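Before any comments, here is the structure.
Below, read A as the first sequence line, B as the second, and so on, with proteins coming before strands; counting in each chain starts at 1. Fair warning: this is a prediction, and the values are worked out from it, not measured in the lab.
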Protein chains: 2
Amino acid sequence: MHNIQEIAEKLTQSGLKVTPQRIAVMQALMKFHHHPTAEEIFREVSQNIPGLSQTTVYNTLDVFVKKGIAQRIATDAGVMRYDVIAEAHHHLYCLGTARVEDYFDPELDKLLRDYFEKKKINGFRPIDIKLHLTGEFEEQK
Amino acid sequence: MHNIQEIAEKLTQSGLKVTPQRIAVMQALMKFHHHPTAEEIFREVSQNIPGLSQTTVYNTLDVFVKKGIAQRIATDAGVMRYDVIAEAHHHLYCLGTARVEDYFDPELDKLLRDYFEKKKINGFRPIDIKLHLTGEFEEQK
DNA sequence: TAATAAAATGTAATTGTTACAAATTAAAAA
DNA sequence: TTTTTAATTTGTAACAATTACATTTTATTA
Ligand SMILES: [Mn+2]
Ligand SMILES: [Mn+2]
Ligand SMILES: [Zn+2]
Ligand SMILES: [Zn+2]
């Protein structure tokens, strides 16, 4: 799933040209799957692609989001973070470190799905339901 | 609940000095309870307090958040929105209009509370659990 | 291999927010 | 009351993240 072939295919499927920059950005997104910022991706990808422009990273992430192969996450720190879209999952927002960790919980998903199948919300048609757990990661000794 | 006396009291209780700016910002927060931006609050409050500085609005909102009487909401548009803290509630994020609406659902709250009483998350201690419903407000004819 | 539209680049502009020094003011003390 | 003083407000400049835009380069198609 991390290899160039498959990424290239995914790009083509989305109607995008295959470029070294796009492949590298996608690889970086997959590499640190803890929701990197554009800046973090820029630093990472720059190692492989020296002349890389920041703008390209922003553009690329933007295109990925528009095509639905990545996801933008707004954070309290005022920086956007990005996430490869794969299975549905929720997010743990750490108050201390500002990290955003993935949280997978199919049981919970089912619970929510069932709940909102019955319960309709006034004039709102939900497309995505996501839990937003804010808290602290416990010190592990 | 919207009157000056009570707001002044709330400020004092939080260990804050009572100033016209703070009262007005709190009133504005209560007035449009659809999560105004700092800019929207600035425009509103400026009508009553002509010389008002943008910085004051940012400072004030910041102080409110630190004291726990307001809440900061990061949005996908890259602007922060603010919310008076009252009862626990969730948020509906509108894809079309970028609006954020409140969603109260005690039944759901109970469901989630019960669920996370049993289910513990790895090394994470949740402090706040909030549902993040992204979708569209339906056209009402 | 040539043509062409899409993508990447560099730079400047913009937006939202924060830093900081100086002036003002609310609250406490006298 | 007046005085004192720390907290708050203000104005301006700085900043960080992101976007706009003109130019150059490149991936794809013919
Ligand atoms: Mn994620
Ligand atoms: Mn910004
Ligand atoms: Zn943490
Ligand atoms: Zn709210």
Side-chain angles (χ1 to χ4, degrees), chain A residues 4-5 7-26 28 35-43 45-46 48-67 69-82 98 100, chain B residues 4-5 7-26 28 35-43 45-46 48-67 69-82 98 100:
Chain A
I4 298 180
Q5 297 300 332
I7 294 174
E9 226 169 284
K10 185 173 245 182
L11 291 173
T12 309
Q13 279 169 13
S14 305
L16 298 173
K17 284 190 179 175
V18 177
T19 70
Q21 290 88 344
R22 282 174 176 171
I23 292 197
V25 167
M26 181 52 80
H35 319 94
T37 63
E39 212 267 330
E40 287 173 318
I41 292 173
F42 174 70
R43 279 212 308 279
V45 175
S46 287
N48 307 330
I49 304 181
L52 181 72
S53 164
Q54 289 227 62
T55 306
T56 300
V57 174
Y58 278 104
N59 285 343
T60 303
L61 290 169
D62 232 48
V63 170
F64 286 179
V65 170
K66 274 197 194 104
K67 294 296 182 183
I69 59 184
Q71 185 184 2
R72 216 184 199 228
I73 303 175
T75 69
D76 246 352
V79 202
M80 295 293 171
R81 293 182 171 274
Y82 296 86
V100 180
Chain B
I4 297 180
Q5 297 300 331
I7 294 175
E9 227 170 284
K10 187 174 240 180
L11 291 173
T12 309
Q13 280 170 10
S14 304
L16 297 173
K17 284 190 179 176
V18 178
T19 69
Q21 290 86 347
R22 281 173 179 171
I23 292 197
V25 168
M26 180 52 79
H35 317 95
T37 63
E39 212 266 331
E40 286 172 318
I41 292 173
F42 174 70
R43 279 212 309 277
V45 175
S46 286
N48 307 329
I49 304 181
L52 182 72
S53 165
Q54 289 226 66
T55 307
T56 300
V57 174
Y58 279 105
N59 285 343
T60 301
L61 291 169
D62 232 50
V63 170
F64 286 178
V65 171
K66 275 196 192 107
K67 295 295 182 181
I69 59 184
Q71 186 185 2
R72 216 186 201 227
I73 304 175
T75 68
D76 246 353
V79 202
M80 295 295 172
R81 293 183 170 273
Y82 295 85
V100 179

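Using a 4.5 Å cut-off on side-chain heavy atoms (C-beta onward), A/V65 and A/Q71 make no contact. Counting heavy atoms from C-beta outward, B/M26 and B/I69 have side chains that approach closer than 4.5 Å. In this structure, the side chains of B/F42 and B/T56 stay at 4.5 Å or more apart for every pair of heavy atoms. Annotation: side chain of A/M80 is not in contact with side chain of A/T37 (no heavy-atom distance under 4.5 Å).
For C/dA8, neither phosphate oxygen OP1 nor OP2 lies less than 4.0 angstrom from any side-chain nitrogen or oxygen of A/S53. For D/dA20, neither phosphate oxygen OP1 nor OP2 lies less than 4.0 angstrom from any side-chain nitrogen or oxygen of A/T55. Not one side-chain nitrogen or oxygen of B/Q21 sits closer than 4.0 Å to the OP1 or OP2 atom of C/dT25. The phosphate of D/dT19 (OP1 or OP2) has no side-chain N or O of A/Y58 nearer than 4.0 angstrom.
C/dA27 atom P lies 9 Å from atom CZ of B/R22, rounded to whole Å. Atom CD in B/Q13 sits roughly 14 Å away from atom P in C/dA27 (whole-Å rounding). Distance CG (B/L11) to C1' (D/dT8): 13 Å, rounded to an integer number of Å. When rounded to the nearest whole Å, the span between CZ of A/F42 and C1' of D/dA17 equals 14 Å. As rounded to whole Å, 9 Å separates atom C1' of C/dT18 from atom CG of B/D62. When the P atom of C/dT17 is taken as reference, atom CD of B/Q54 falls 10 Å away, rounded to whole Å. Between the CD1 atom of A/I23 and the P atom of D/dT26 there is a distance of 16 Å, rounded to whole Å. Regarding B/I49, its CD1 atom lies at a distance of 11 Å from the P atom of C/dA26, rounded to whole Å.
Heavy-atom distances to DNA chain D give each of B/T56 and A/V18 a nearest nucleotide, and the one nearer the 5′ end belongs to B/T56. Of the two residues near DNA chain C, A/G51 and A/G15, the one whose nearest nucleotide lies more 5' is A/G15. Position along DNA chain C of the nearest nucleotide to B/T12 versus B/R72 favours B/R72 as the more 5'-ward residue.
In the set C/dT17, C/dA8, D/dT28, C/dA8 carries the atom at the smallest distance from any side-chain atom of A/T19. Side-chain atoms of B/K17 lie closest to D/dA6 of the nucleotides C/dA6, C/dT9, D/dA6.
Side-chain N or O atoms of A/R22 include one that pairs as donor or acceptor with a backbone N or O of A/K17 at under 3.5 Å.
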